[in-house]
Amino acid sequence: MISVNPDRFLSDLHHLRSIGAAGVGKGVVRPAFSAADIQARHWLAAQMADCGLTPHFDPVGNLFGLAEGPSLLMGSHSDSQPEGGWLDGALGVIAALEIARASRESGGPAISVVSFQDEEGRFGVTTGSAIWSGNLTLETADTLTAHDGARFADERAKLADVAGEFVDPGRFTGFVEMHIEQGPTLDTSGEQIGVVTDIVGIRDMRITLTGQQNHAGTTPMHLRRDAFQALSAFNSAINDRFRNVVTPSTVWTIGHVTLHPNASSIVPGRATFSMQWRDGDISRLERMEQIIRDTAAEIANSSGMTLEFGPMLGLDPVAMDSALQTALADGAKVVAPGKWRRLVSGALHDATNVSRLMPVAMLFVPSINGISHDFAEDTAEPDLVAGLQVLAHAVTARG
């Protein structure tokens, strides 16, 4: 049995939290390629080297700690949302580091560690693992821009001095990612462990409605081509038209809106907004896309707007590997008897991309009050340790 060190694990987790610490409580601001993100990656590389792994940065900032020979890959991501919590992604990286360290100390199986870059989507959808898995070409990725105008090609150049080649996925026998649930199921039920069965699919694109910028005091209401009013009409219509298509687990979000020129005395002439939707069924995702496009076109035509769709990014739903699932479930039965369940992930994870290359599985621990992507995100430390111990059981059993 691999013998993990919970104190060492928690100490490393809190140290990583200190890099980019912000806001109240345990908040973290560590977006992809920010100074804090790069500092965290260099610190992680040093920890990997200290436990006998070979640190390796690839051309897009993914950081691997490589064991010799064939190995099980474990990890997640260490970048954060613009206002994020201390565990989202970071937990999976530090848990993997502790399992790799403990397995080496115990004479266990070889474990490699990864912290993927830009999982949080500053430039797209799980950018680093999408490129590594072949789901997104590097040429296309280099054209992506963040909401602040930064180009992916320019940002990844910040790590060019330490970057090597892409790691051959053939050296890994599978991938296991530990994560906080980012939802209320485990916390509400009082359970400690979730063994993931599937990850839902996601679609994400930008939509731009362009009308006529004009004076807010002198332009009569009936003559306005107000881009924000068109956006508002789209939002109302889409909620109504989805009603007979979606299920209770389907979600959609307009999460980022930019108005131009964004001034209180000017009728906005342009509205650019993100449209994201998630579901476990590919056909439903496609049906929702058609409704979105048709609705936007109708709103644009009726309100005198021009319409532009940006590129659509997304990933299809993915089922977890049955053998890895069983290993995690067997560990959960030992560590948290009667306090675990199987569940679907409504959040997107790097495991979705990695599933193109090898068997994958995921393990969840509770999020207090179901909160994530917020400074208030947290998990009780006994639950964090329980998740680590389930990983140790699963890795030992898998051999």
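Because the structure is a prediction, the values reported are computed rather than measured. Atoms considered below: every heavy atom in the structure, side chains included; atoms not considered: hydrogens, waters and symmetry mates. Nothing fancy with the numbering, it's 1 onward along the sequence.
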Please report, to 0.1 Å, the donor-acceptor pairs under 3.5 Å made by any side chain of residues 156-173, with sequence neighbours excluded.
unit_1 : atom_1 : unit_2 : atom_2 : d
Arg156 : NE     : Asp142 : OD1    : 2.8
Arg156 : NH1    : Pro59  : O      : 3.1
Arg156 : NH2    : Asp142 : OD2    : 3.0
Lys158 : NZ     : Phe33  : O      : 3.2
Lys158 : NZ     : Glu155 : OE1    : 3.0
Lys158 : NZ     : Glu155 : OE2    : 3.3
Asp168 : OD1    : Gly170 : N      : 2.9
Arg171 : NH2    : Ala67  : O      : 2.9
Thr173 : OG1    : Ser71  : O      : 3.4
Thr173 : OG1    : Arg398 : NH1    : 3.3

side-chain contact (heavy atoms from CB on, under 4.5 Å) partners for [X], two or more places apart:
| X | result |
| --- | --- |
| Glu289 | Trp277, Arg293, Met312 |
| Asp154 | Arg151 |
| Ala96 | Met74, Val113 |

Partners of [X] by side-chain hydrogen bond (donor to acceptor under 3.5 Å, both in side chains), sequence neighbours excluded?
| X | answer |
| --- | --- |
| Thr140 | Thr137 |
| Gln39 | none |
| Arg225 | none |

query = Got a sec, which pairs hit side chain to side chain donor-acceptor pair (under 3.5 Å) with one end in residues 381-396, sequence neighbours left out?
reply =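 Applying side chain to side chain donor-acceptor pair (under 3.5 Å) to every pair that reaches into residues 381-396, excluding sequence neighbours, yields His14-Glu381, Gln192-Asp383.
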For residues 334-347, which side-chain donor-acceptor pairs fall under 3.5 Å, sequence neighbours excluded?
unit_1 : atom_1 : unit_2 : atom_2 : d
Arg341 : NE     : Glu191 : OE1    : 2.6
Arg341 : NH2    : Glu191 : OE1    : 3.1
Arg342 : NH1    : Gln325 : OE1    : 3.2
Ser345 : OG     : Ala347 : N      : 3.3
Ser345 : OG     : Ala347 : O      : 2.7
Ser345 : OG     : His349 : NE2    : 3.3

Sequence neighbours excluded - ring-ring contact (aromatic ring centres under 6.0 Å, His included) pairs with any residue from residues 371-390 =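 Pairs touching residues 371-390 that pass the test: none.
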ask   = Applying ring-ring contact (aromatic ring centres under 6.0 Å, His included), which residue pairs with at least one partner in residues 122-146 are found, sequence neighbours left out?
value = Phe64-Trp132, Phe116-Trp132, Phe123-Phe152
Partner set under salt bridge (charged side-chain N to carboxylate O under 4.0 Å, His left out) for Asp330, not counting sequence neighbours = Lys333
